[in-house]
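Each remark here refers to the structure printed beneath this line.
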Amino acid sequence: MKNGITKSLLFGLCSVFGLTSCSAATNDSKGTNKTTIEMNTDKSTIDRDSKKIVVFFSHTGENYNVGVIEKGNTHIVADMIADATGAETFEIVPEKAYPFNYNECIDLAKKELQADARPAIKNDVNIEDYDVIFLGYPNWWGNPPMCVYSFIEKHNWAGKTVIPFITHEGSGMGGTDRKIAAACEGANTLVGKGLAIQGKVAQERQENARQNVNRWINGLGLKK
């Protein structure tokens, strides 16, 4: 599986830490507990009462455009999604933390990407117990951080609904949702339906960020 991921990872090497946009799914006109999501030519349904979890990796310390932060951009958005949906949360924590300094962090992220590394993570959650997984991360070099792949490859994603969300400072989703779809084999990953929020908005304009999150969740039909 790693060889296929490597090709897709290297394709996105030119983007760095990425900006904003959100797209919504189509609401069920009959007002039931299910929403029809159109993805390419496929149709699938999400049950509003399904068991949900927000899984995320987030970087604290010095971050581009926001300075030194105690709570990561993606962490802020993850908590907003959990508030809106009633989902549980789980944070991916690498055994060796990424550097506090911004330049050192992105240098290490680039080296990990080029090496197709799988940095060890401290913790885990039984993803097989959930139906819907919101999967969040910062956009690093046009890719999810490699520790996210470390987490993904521990689990069986067959039959799960995976909904990506990211924080960034200019590149938006940047095709990272397609890389998540390739990695989460057997899952229904909502490519083109994810959420991208600028890190500066998450940190400094939180009401605006929350409105975007709530609009997106409403569009997916998953508002609690």
Side-chain angles (χ1 to χ4, degrees), residues 1-22 53-60 63-64 72-78 81 89-99 102 105-125 127 132-155 157 160-199 202:
M1 180 165 68
K2 285 180 63 177
N3 289 339
I5 294 171
T6 302
K7 291 179 182 177
S8 120
L9 290 172
L10 295 177
F11 180 77
L13 200 57
C14 340
S15 298
V16 64
F17 280 67
L19 187 7
T20 167
S21 112
C22 67
I53 188 169
V54 182
V55 175
F56 66 95
F57 165 76
S58 195
H59 179 252
T60 55
N63 278 245
Y64 179 75
N73 302 329
T74 311
H75 193 164
I76 291 172
V77 177
I81 294 170
T89 61
F90 175 80
E91 182 175 6
I92 299 168
V93 180
E95 282 191 1
K96 184 177 181 180
Y98 285 93
Y102 168 74
C105 180
I106 62 171
D107 285 347
L108 177 58
K110 186 174 184 178
K111 288 174 182 175
E112 287 185 347
L113 173 63
Q114 291 172 329
D116 196 23
R118 295 294 184 271
I121 57 178
K122 286 183 179 180
N123 52 353
D124 202 6
V125 66
I127 213 70
V132 176
I133 300 95
F134 294 90
L135 188 55
Y137 46 89
N139 186 341
W140 285 2
W141 298 104
N143 284 274
M146 301 310 287
C147 62
V148 174
Y149 290 105
S150 300
F151 174 82
I152 288 172
E153 291 175 6
K154 287 176 174 284
H155 297 285
W157 296 87
K160 306 300 178 184
T161 297
V162 176
I163 309 176
F165 67 97
I166 71 161
T167 55
H168 63 96
E169 290 300 337
S171 61
M173 188 66 71
T176 64
D177 52 350
R178 297 190 179 279
K179 293 163 188 174
I180 290 295
C184 295
E185 294 181 0
N188 172 38
T189 302
L190 301 193
V191 175
K193 306 287 186 181
L195 175 70
I197 289 185
Q198 188 180 10

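On a predicted model such as this, the values are computed, not experimentally measured, just so you know. The analysis underlying the following values was restricted to heavy atoms, covering all of them including side chains, and did not include hydrogens, waters or symmetry mates.
- Here the closest non-hydrogen pair linking I92 and C147 is CG2-O, 4.1 Å.
- Atom CG of L135 and atom CG of L190 lie 11.5 Å apart (nearest 0.5 Å).
- Contact annotation: the side chain of N123 approaches that of F90 to within less than 4.5 Å [non-hydrogen atoms, C-beta and beyond].
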Legend entry - Chi angles and distances behind the side-chain contact (heavy atoms from CB on, under 4.5 Å) call for K154, I127: CA-CA 9 Å; K154 287 176 174 284; I127 213 70; over 6 Å; no

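- Going from atom CG of D177 over to atom CZ of F165 covers 13.5 Å, rounded to the nearest 0.5 Å.
- Residues F151 and Y137 keep their aromatic ring centres 6.0 Å or farther apart.
- Looking at S150, its side chain never comes within 3.5 Å of a backbone N or O of A120 through a donor-acceptor pair.
- Side-chain contact between P119 and E112 is present, with heavy atoms from C-beta onward closer than 4.5 Å.
- Nearest heavy atoms, P99 versus L108: CD-CD2, 3.7 Å.
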Legend entry - Worked check of side-chain contact (heavy atoms from CB on, under 4.5 Å) between N73 and V77: CA-CA 7 Å; N73 302 329; V77 177; 6.0 Å; no

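- A donor-acceptor distance shorter than 3.5 angstrom exists from the side chain of S58 to the backbone of T74, with no hydrogens or angles considered.
- Summarising the geometry, atom CD belonging to E91 is positioned 10.0 Å from atom NZ belonging to K122; distances are rounded to the nearest 0.5 Å.
- Using cut-offs of 30° and 60° for the angle between ring planes, the F56 and H75 rings count as tilted.
- Between P144 and I180, the shortest heavy-atom distance links the atoms CG-CD1, 3.8 Å.
- The structure places OH of Y98 at 8.0 Å from CE of M146, a figure rounded to the nearest 0.5 Å.
- At least one donor-acceptor pair closer than 3.5 Å links the side chain of K179 to the backbone N or O of G142.
- A distance of 9.0 Å separates CG of N139 from CE of M173, quoted to the nearest 0.5 Å.
- Rounded to the nearest 0.5 Å, atoms NZ (K110) and CD1 (I106) are 8.5 Å apart.
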Inset, instruction - Please report the C-alpha distance between C105 and H59 in whole Å, then the side-chain angles of each, then the deciding distance to 0.1 Å, and finally whether the side-chain contact (heavy atoms from CB on, under 4.5 Å) criterion is met. - result: CA-CA 9 Å; C105 180; H59 179 252; 3.7 Å; yes

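- Heavy atoms only, all atoms of each residue included: I152 and A183 are closest at CG2-O, 3.6 Å.
- Between T189 and C184 the shortest heavy-atom distance is OG1-CB, 4.3 Å.
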